[in-house]
Protein chains: 2
Amino acid sequence: MQALKLTPTSFMVLGLLEQAAPAEATPYDIKQWMGFSVDNFWPTPHAQVYREPERLATGGYVTERREETGRRRKFYKITEAGSAALETWRHEPLDDLPELRDAAVLKIFFGADPVVVARHQVAAHEAKLAEYEHLRSNIAEFIPPGQLLALDIGIAHERKEVDLWNEVAAGQVPPTTSAPRA
Amino acid sequence: MQALKLTPTSFMVLGLLEQAAPAEATPYDIKQWMGFSVDNFWPTPHAQVYREPERLATGGYVTERREETGRRRKFYKITEAGSAALETWRHEPLDDLPELRDAAVLKIFFGADPVVVARHQVAAHEAKLAEYEHLRSNIAEFIPPGQLLALDIGIAHERKEVDLWNEVAAGQVPPTTSAPRA
DNA sequence: CCTATCATGTAATCCGTTACATGATTAT
DNA sequence: ATAATCATGTAACGGATTACATGATAGG
């Protein structure tokens, strides 16, 4: 039980297990919950969702129980150590900025037609925005405030992306200067 | 020489080799160029920059030449096939949206104090913005238009991120509605 | 000379993705 | 009953990251 590195994916699993506590949850459960929440801004394929709790179990952050019969499903539950790690993480300042990692910018960098690229981006971001807004209207009343705020940040983010790519499509990037932006 | 999958990283290497052409370049050269350009929005560790051209060589997208003596450095040059692949990629519509993958949002989702998180994000994004602007003032005149535009998109993006997190810090997210935003 | 730093490369590991496989349940 | 789909898990592969290691060069 040596110290294993806890990644954002680890904390996502821990966070969802903490919400489920004191009930146990299977990886399948976790993946389902992700589907209408965290998957939007921290996607993780299901195979990973099966493996991460195994890792966490070796570090003592969760307990693992396996069915003896039938499907031999695995059930996980967060431990004290897991909750403590999660709580620490909540208070830790963030190390790293998110990087753009935007293939659209990469294409433009290497000479793709910016107007064409931008139009696609606008459409794609608008679709994502609509998805978020639809989701929000369905679940806003049932989720804790942090989760709602995260969703609202996602919405605000997508709006800004739509604006940005519209500006690119219109040839309005760069803005004239770092002029005052109310 | 079976078809290998070309990732954004592949195109980054191809793109930089195309710029260098007809000269050859070592992975070290490539990494240097990245340092003040692509690294900002498509970071790749140096080990990858040594390996990717090897892959590309097996697919015929670049040629590899190795020094016989001394450091036995490897030199790469883009081929016709490489240029063709790059050109195709430039015109291909984009498949995937960039995901947020923002650890700050994840933390808020799981209950971190949004004001604290937001203040950190503002500072971090402002620093990044300043870095971009400094870079721009140094190189704007020497780089091709696509590269400058990519940088300007990065700048615009960071400004919007600063705005977004300022709004979060001020409790102004969500905005009242999808009201008209000039 | 010696040391620090730059330049160059390989190895080991990790994580994510794709693919495969099988048990259970629902619908026809 | 049978087919389709849901639920559950493992395996294999490949790209990305970390770590290690060594050759060259410049500064003291």
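Each chain gets a letter, A, B and so on, in the order the sequences are listed, and its residues count up from 1. In this text, all values refer to a predicted model and were calculated from it rather than measured experimentally.
- Listed by chain and residue number, A:Asp102, A:Val117, A:Gln121, A:Trp165, B:Leu94 satisfy the side-chain contact (heavy atoms from CB on, under 4.5 Å) test with A:Ala104 (two or more places apart in sequence, or in another chain).
- Listed for the B:Arg65 side chain is no donor-acceptor partner under 3.5 Å among the backbone atoms of B:Phe75.
- Distance NZ (B:Lys5) to C1' (C:dT17): 7 Å, rounded to an integer number of Å.
- Across the protein-nucleic acid pair, A:Met34 atom CE and D:dA7 atom P stand 16 Å apart, rounded to whole Å.
- B:His157 and A:His157 have perpendicular rings, their planes meeting at more than 60° on a 0 to 90° scale where under 30° would count as parallel.
- Neither OP1 nor OP2 of C:dG9 sits under 4.0 Å from any side-chain N or O of B:Lys31.
- In the set C:dC15, D:dA19, D:dA16, the nucleotide with an atom closest to the side chain of B:Gln48 is D:dA16.
- Taking atom CD of residue A:Glu24 and atom P of nucleotide D:dT8, one finds them 13 Å apart after rounding to whole Å.
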For nucleotides 22-24 of chain D, list the nitrogen or oxygen atoms of the protein found under 3.5 Å from its nitrogen or oxygen atoms, one pair per line.
residue: D:dA24; atom: O4'; partner: B:Arg71; partner atom: NH2; Å: 3.2
residue: D:dA24; atom: O3'; partner: B:Arg71; partner atom: NH2; Å: 2.9

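- The nearest heavy atom of DNA chain C to B:Arg101 and to B:Thr26 marks one nucleotide each, and the one closer to the 5' end goes with B:Thr26.
- At a threshold of 4.0 angstrom between heavy atoms, the contacts of A:Glu67 with the nucleic acid are absent.
- Linking ILVMFWY residues whenever their side-chain heavy atoms come closer than 4.5 Å, directly or via other members, places A:Tyr76 and A:Leu4 in the same cluster.
- When the salt bridge (charged side-chain N to carboxylate O under 4.0 Å, His left out) test is applied to A:Arg51, no partner is found at least two apart in sequence or on another chain.
- In this model, the phosphate group of D:dG15 is approached by a side-chain N or O of B:Arg55 to a distance below 4.0 Å at OP1 or OP2.
- Other residues, nucleotides and ligands place no more than 12 heavy atoms under 6.0 Å from the NZ atom of A:Lys77.
- In this structure, B:Thr9 reaches the sugar-phosphate backbone alone: every heavy-atom distance under 4.0 Å involves primed, P, OP1 or OP2 atoms, never a base.
- The nucleotide whose nearest atom lies closest to any side-chain atom of B:His46 is, among C:dC15, C:dT18, C:dT8, C:dT8.
- Counting to the nearest Å, the P atom of C:dG23 and the NZ atom of A:Lys74 are 16 Å from each other.
- A:Leu56 and A:Tyr50 fall into different hydrophobic clusters, defined by Ile, Leu, Val, Met, Phe, Trp and Tyr side-chain heavy atoms under 4.5 Å apart, directly or through other members.
- Within a 6.0 Å sphere centred on CD of B:Glu80, heavy atoms belonging to other residues, nucleotides or ligands number 12 at most.
- Residue A:Glu52 is classed as having no contact, given no heavy-atom separation below 4.0 Å to the nucleic acid.
- Rounded to whole angstrom, the span from the CD atom of B:Glu99 across to the P atom of C:dT17 amounts to 10 Å.
- In the set C:dG9, D:dA7, C:dT18, the nucleotide with an atom closest to the side chain of A:Tyr28 is D:dA7.
- The base of D:dT8 has none of its N or O atoms less than 3.5 Å from a complementary donor or acceptor on the side chain of A:Arg51.
- Closest to the side chain of A:Thr7, from the set C:dT18, C:dT10, C:dC15, is C:dC15.
- Counting to the nearest Å, the P atom of C:dT13 and the CG atom of A:Leu4 are 16 Å from each other.
- In this structure, CZ of A:Arg73 is placed 14 Å from P of D:dT10, rounded to the nearest angstrom.
- Between the OH atom of A:Tyr50 and the C1' atom of D:dC6 there is a distance of 10 Å, given to the nearest Å.
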